Amino acid sequence: YIKEIIPEPTPPTPVKIDLAKILFYPYKFKPQAHRGVSNIYPQNTLIAFEAAAQQPFVYGIETDVQMTSDGVLVLFHDDTLDNLTTGTGAVSSYTFEELQDVVYDNTPGASTYPNQHIPKFEDYLKICRKYGKVPYIELKALRGNGIAKTLEMVEEMGFKGRAVFT
């Protein structure tokens, strides 16, 4: 009885979609390299950022900013060094000089590209500027002074109004 009152719905007519036109339309799709080319090189390293920057289709390069105990802005994703590097504990518990003894050892590319260190935020911005890439900056554990230092450096490096913050 209900089928007589409410007829079965007619299946929709399939629509052909040219996915390439949607994905690569220059004003709708702007690819970014997440932590650089992090599937080949150790993530958030200068070698990963340089590789990403050399790709003509990459619009921006994403990274994660943290601050060392001596106030240096560095790039690292996780809350602690334990899972990806030879170090342990929080980035913020190290000075920048101490971090130079820490290398990536448990991430894609670590065995192929050994001795990759946690870089300075300033060096990442220099790569973005050199290749005309937009910085995508995740403010990890930064608060107060760390955020202010990040914004100041972004502006000093010529990215005011061009960087994306998350």
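Everything quoted here is computed from the prediction, not taken from an experiment.
Here the closest heavy-atom approach between residue Ile137 and residue Ala163 is recorded as CD1-CB, 4.1 Å. In terms of heavy-atom proximity, Pro119 sits nearest to Asn44 at CD-O, 3.1 Å. The nearest pair of heavy atoms linking Pro42 to Ile47 is CD-CG2, 4.5 Å. Nearest heavy atoms, Gly89 versus Ser93: C-OG, 4.5 Å. Listed here is the closest heavy atom pair of Gly146 and Thr150: O-OG1, 2.8 Å. Across all their heavy atoms, Thr45 and His117 have their closest contact at CG2-O, 4.0 Å.
Atom CG of Asp79 is surrounded by 12 or fewer heavy atoms from other residues, nucleotides or ligands within 6.0 Å.
Linking Ile, Leu, Val, Met, Phe, Trp and Tyr residues whenever their side-chain heavy atoms come within less than 4.5 Å places Val58 and Tyr131 in a single cluster. The hydrophobic clustering, which links ILVMFWY residues whose side-chain heavy atoms are closer than 4.5 Å, places Val102 and Leu46 apart. In the hydrophobic cluster analysis, where Ile, Leu, Val, Met, Phe, Trp and Tyr join through side-chain heavy atoms closer than 4.5 angstrom, Val37 is grouped apart from Val134. Linking ILVMFWY residues whenever their side-chain heavy atoms come closer than 4.5 Å, directly or via other members, places Val164 and Tyr59 in the same cluster. Connection of Ile127 to Phe57 is established within a shared hydrophobic cluster, with ILVMFWY side chains joined at heavy-atom distances below 4.5 Å, either directly or through further cluster members.
Residues Lys130 and Glu50 form a side-chain contact, since some pair of their non-hydrogen atoms from C-beta on lies under 4.5 Å apart. Taking the side chain as every heavy atom from C-beta outward, Asn39 and Pro108 never approach each other to under 4.5 Å. Side-chain atoms of Pro135 and Tyr124, non-hydrogen and from C-beta on, do get closer than 4.5 Å to each other. Side chains of Tyr104 and Thr86 form no contact here, defined as non-hydrogen atoms less than 4.5 Å apart. Looking only at side-chain heavy atoms (C-beta outward), Lys126 and Glu122 come within less than 4.5 Å of each other. At least one side-chain heavy atom of Leu75 sits less than 4.5 Å from a side-chain heavy atom of Val65. Using a 4.5 Å heavy-atom cutoff, the side chains of Thr80 and Thr88 are not in contact. Proximity of Tyr41 to Gln116: side-chain heavy atoms (C-beta onward) are nowhere separated by under 4.5 Å.
Distance alone, capped at 3.5 Å, is enough to place a donor-acceptor pair between the Lys149 side chain and the Gly71 backbone. Lys120 places no side-chain N or O within donor-acceptor distance of the main-chain N or O of Val72, the cut-off being under 3.5 Å.
In this structure, CE on Met67 lies 5.0 Å from CG on Asn145, to the nearest 0.5 angstrom. Between atom OG1 of residue Thr63 and atom OH of residue Tyr136 there is a gap of 14.0 Å, rounded to the nearest 0.5 Å. Rounded to the nearest 0.5 angstrom, Asp70 CG and Ser92 OG are separated by 11.5 Å.
Hydrophobic clustering, defined by side-chain heavy atoms of Ile, Leu, Val, Met, Phe, Trp and Tyr closer than 4.5 Å, leaves Val103 isolated from every other such residue.
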- Item | Pair Ile118-Phe96, side chain to side chain contact (heavy atoms under 4.5 Å, CB included): steps then yes or no | CA-CA 9 Å; Ile118 296 169; Phe96 182 73; 6.0 Å; no

- Item | Residues Val154, Phe165; criterion side chain to side chain contact (heavy atoms under 4.5 Å, CB included); working and verdict | CA-CA 11 Å; Val154 165; Phe165 292 91; 3.9 Å; yes

- Derivation and outcome, side chain to side chain contact (heavy atoms under 4.5 Å, CB included), residues Leu99 and Leu81: CA-CA 10 Å; Leu99 275 182; Leu81 299 167; 4.0 Å; yes

- Evaluate side chain to side chain contact (heavy atoms under 4.5 Å, CB included) for Arg162 paired with Arg129, printing each intermediate quantity in order. CA-CA 11 Å; Arg162 290 197 53 228; Arg129 185 173 61 190; over 6 Å; no

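Among residues two or more places apart in sequence or in another chain, the side-chain contact (heavy atoms from CB on, under 4.5 Å) test is passed with Ser38 by Arg35, Gln43. By the side-chain contact (heavy atoms from CB on, under 4.5 Å) test, Glu152 pairs with Glu156, sequence neighbours left out. Residues satisfying the side-chain contact (heavy atoms from CB on, under 4.5 Å) test with Ile147, not counting sequence neighbours, are Leu139, Leu142, Leu151. His34 meets the side-chain contact (heavy atoms from CB on, under 4.5 Å) test with Glu62; sequence neighbours excluded.
Lys140 forms no cation-pi arrangement with Phe76, by the criterion of a distance under 6.0 Å to the ring centre and an angle within 45° of the ring axis.
Applying the salt bridge (Lys or Arg N to Asp or Glu O under 4.0 Å) rule to pairs touching residues 81-103 yields nothing, sequence neighbours excluded.
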